[in-house]
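Report on one structure; see the data block that follows.
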There are 2 protein chains.
Amino acid sequence: MRNADLEEIRDLPLFRDMDGDHFGNLMRGAYHQNFPPQVTLIEEGRPADFLHIVTEGAVELYAGWNGRETTMAVVRPVATFILAACINDAPYLMSARTMMPSRIAMIAGSDLRATFARDAAFAQAIVRELAGCYRSVVRHAKDLKLRASRERLAAYLLRHARGSGAFDLPVEKRTLASYLGMTPENLSRALKSLGPDGVSVDGMRVTITDAAALVAVACPTPLIDGGDGCGDLSYTGSSSNC
Amino acid sequence: MRNADLEEIRDLPLFRDMDGDHFGNLMRGAYHQNFPPQVTLIEEGRPADFLHIVTEGAVELYAGWNGRETTMAVVRPVATFILAACINDAPYLMSARTMMPSRIAMIAGSDLRATFARDAAFAQAIVRELAGCYRSVVRHAKDLKLRASRERLAAYLLRHARGSGAFDLPVEKRTLASYLGMTPENLSRALKSLGPDGVSVDGMRVTITDAAALVAVACPTPLIDGGDGCGDLSYTGSSSNC
DNA sequence: CGCCAAATTGAGTCCGATCAACGACAGTGG
DNA sequence: CCACTGTCGTTGATCGGACTCAATTTGGCG
């Protein structure tokens, strides 16, 4: 593994404070590979063999049932995913596929469990990581249960506007629709219907023309939309997902 | 705190393996109180001061937004809740209220954080607990996004049937409806509509008259319905097609 | 018995899904 | 350079599921 990659991973909150030797051991048994787009890295139901870390590209976490499929999250560099399954040595609950050419590091789950049993600082980092992941999924569930689809969309746009009034959608609209729990057709209509509420769209480009009006629709709150920047669809993170 | 209570708490996976002195210290600073029904124990948004443990009764975890409200989980003895917020020293994402006369132990969050930094076995237990909670919320989210309301209800009934064909609903129907993401009216209609699919209802009493038919509706899978029983009211999942 | 909350039932409406058609665009190969 | 092709996004029309509102009925409890 390249030194730059190692340092990047070492800088993650998850690994920052752990013992150097332990980190070295973990990484010695790790893989780091390039993948083309649209490659399935993980299939839900399979035993959790490896903790994954995205160092380049983007990975979609999704789940299926009975022929249906839904996007649960998008993970961008540098962040980990499916930590919980590895820790519990349980089957993955989500599948993962690359969305673009990506570089993925993989750490054996057994090494992970052995190390976190020996390294207190690492165990603490894992606790914090998991607690963050847990809270982000709770937010997602609240978003789904408490808001209507138009409101979810408005809140999503505000989360990604971050001060500046214009930005590019970080993912395809069909993926965004799935993440927000609606159909692509409905997302299209919902975007248009937000015109009077201060949203203008041109392709992937979104411009917030009236933030106050949009806020009135979305009623954003840190208890759903978060402040710690973890867990939303596509954030660039030194944190993780899983 | 009574000795019987202490032992019960000590027997929880979360505390079982930790150092005896550390456990003693934690409990010395803890409260244990009785509450009448319908008492609000926690309000979302407040700073997370205490880890809570239900030793008797039942507690509803719920969340609100913009005048709406939804049930996220029901916690029954003996189990903890809002661990994640305490660990992260972050605001609660959910509110909690007693559903019946209940007995609740409370451990100061600061003690908790101090102890898990010193006690490796405790840290490991917390990791497993959190990983389990995380996975249960992921399942809840998958349930909401992938299944229609009728299917969610069918799956819920199967989860709680546990072999025997008859059981009592563990919560009020309005609460169940909220947990499943529907209105009480719709739950009523959905229950009736499951008659031809092998469900008969009399008050709180549910009888599965044709498990195969109900399975055909719910398509249960451990990846949504099964497993490590935190959050929902657990179920040891098995059979699945689809 | 009487009170209140929960549950059911019915009727009407709306949101969101489905189905189908079309335009925009990128990549491919002739 | 340009048809060919597949995917994505949009739009329209229609359908169905779920919500709302309102009226009873049921059941629990003082």
Side-chain angles (χ1 to χ4, degrees), chain A residues 36-38 60 65-71 74 97 99-101 143-154 156-157 168-195 197 199-206 217, chain B residues 36-38 58 60 62 65-71 74 97-101 143-154 156-157 168-197 199-206 217:
Chain A
Q38 301 302 325
E60 177 187 6
W65 176 79
N66 217 18
R68 294 166 221 171
E69 197 177 291
T70 188
T71 300
V74 171
R97 69 167 83 96
M99 304 178 76
M100 56 180 75
D143 198 30
L144 290 167
K145 294 184 82 171
L146 290 168
R147 292 208 258 234
S149 63
R150 229 177 79 99
E151 297 163 340
R152 285 200 296 276
L153 174 58
Y156 176 88
L157 296 177
D168 286 310
L169 292 175
V171 294
E172 276 183 355
K173 287 184 185 170
R174 53 173 35 266
T175 307
L176 175 58
S178 177
Y179 174 73
L180 293 175
M182 47 184 175
T183 58
E185 295 95 322
N186 242 334
L187 173 61
S188 190
R189 284 185 259 265
L191 273 172
K192 179 167 291 186
S193 85
L194 284 177
D197 297 294
V199 175
S200 101
V201 182
D202 177 43
M204 292 281 101
R205 192 76 186 165
V206 175
V217 175
Chain B
Q38 302 302 325
E60 177 188 7
Y62 63 99
W65 176 79
N66 216 21
R68 294 166 222 173
E69 196 176 291
T70 187
T71 300
V74 172
R97 68 167 83 96
T98 55
M99 304 178 76
M100 56 181 75
D143 199 29
L144 290 167
K145 295 184 80 171
L146 290 169
R147 290 208 261 235
S149 64
R150 227 177 80 97
E151 298 163 340
R152 284 199 297 276
L153 173 59
Y156 177 89
L157 296 178
D168 286 310
L169 291 175
V171 295
E172 274 183 356
K173 288 183 184 169
R174 57 190 299 98
T175 307
L176 175 58
S178 178
Y179 173 74
L180 293 176
M182 50 176 129
T183 58
E185 295 96 323
N186 241 337
L187 172 62
S188 189
R189 284 185 258 265
L191 273 174
K192 179 168 292 189
S193 84
L194 284 177
D197 298 294
V199 176
S200 100
V201 182
D202 177 44
M204 293 283 102
R205 191 78 186 163
V206 175
V217 174

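Order of the sequence lines sets the chain letters (A, B, ...), proteins ahead of strands, with each chain counted from 1.
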Who are the side chain to side chain donor-acceptor pair (under 3.5 Å) partners of Asp202(A), not counting sequence neighbours?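 Per chain and number, Asp202(A) pairs via side chain to side chain donor-acceptor pair (under 3.5 Å) with no residue.
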
Protein-nucleotide distance (Arg152(A), atom CZ; dG16(C), atom C1'), rounded to Å: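 After rounding, the reported distance stands at 10 Å.
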
Over how many whole Å does the gap from Arg147(A) atom CZ to dC15(C) atom C1' extend?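 Answer to the nearest Å: 18 Å.
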
Does the side chain to side chain contact (heavy atoms under 4.5 Å, CB included) test come out yes or no for Leu153(B) and Val199(B), once each step is laid out? CA-CA 11 Å; Leu153(B) 173 59; Val199(B) 176; over 6 Å; no

Evaluate the side-chain proximity of Pro37(B) to Pro101(B): yes if any heavy-atom separation is below 4.5 Å, no if none is.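 Sidechains of Pro37(B) and Pro101(B): in contact.
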
From Arg152(B) CZ over to Asp143(B) CG, what is the distance, rounded to the nearest 0.5 angstrom?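 Here the rounded value is 6.5 Å.
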
Gap separating the CD atom of Glu60(A) from the CZ atom of Arg97(A), nearest 0.5 angstrom: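 So the gap between those two atoms works out to 4.5 Å.
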
Each nucleotide in nucleotides 4-9 of chain C should get exactly one letter: B, S or -. Can you fill that in based on protein heavy atoms under 4.0 Å? --SSSB

For a quick test of reading the model: is some side-chain N or O of Thr183(A) closer than 4.0 Å to OP1 or OP2 of dG16(C)?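 Checking dG16(C) against Thr183(A), no side-chain N or O comes under 4.0 Å of OP1 or OP2.
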
Test item: Lys173(A) side-chain N/O and Glu185(A) main-chain N/O as donor-acceptor pair under 3.5 Å: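 A pair under 3.5 Å: no.
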
First-last contacting nucleotides on DNA chain D - partner chain A, under 4.0 angstrom, heavy atom: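 So the outermost contacting nucleotides come out as dC8(D) to dA13(D).
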
Heavy-atom closest pair, residues Met99(A) and Val171(A):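 Looks like CE-CG1, 4.1 Å.
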
Give me the atom names and distance for the closest heavy-atom approach of Thr71(B) to Lys145(A).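 Scanning both residues completely, I find the closest heavy atoms to be O-NZ, 2.9 Å.
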
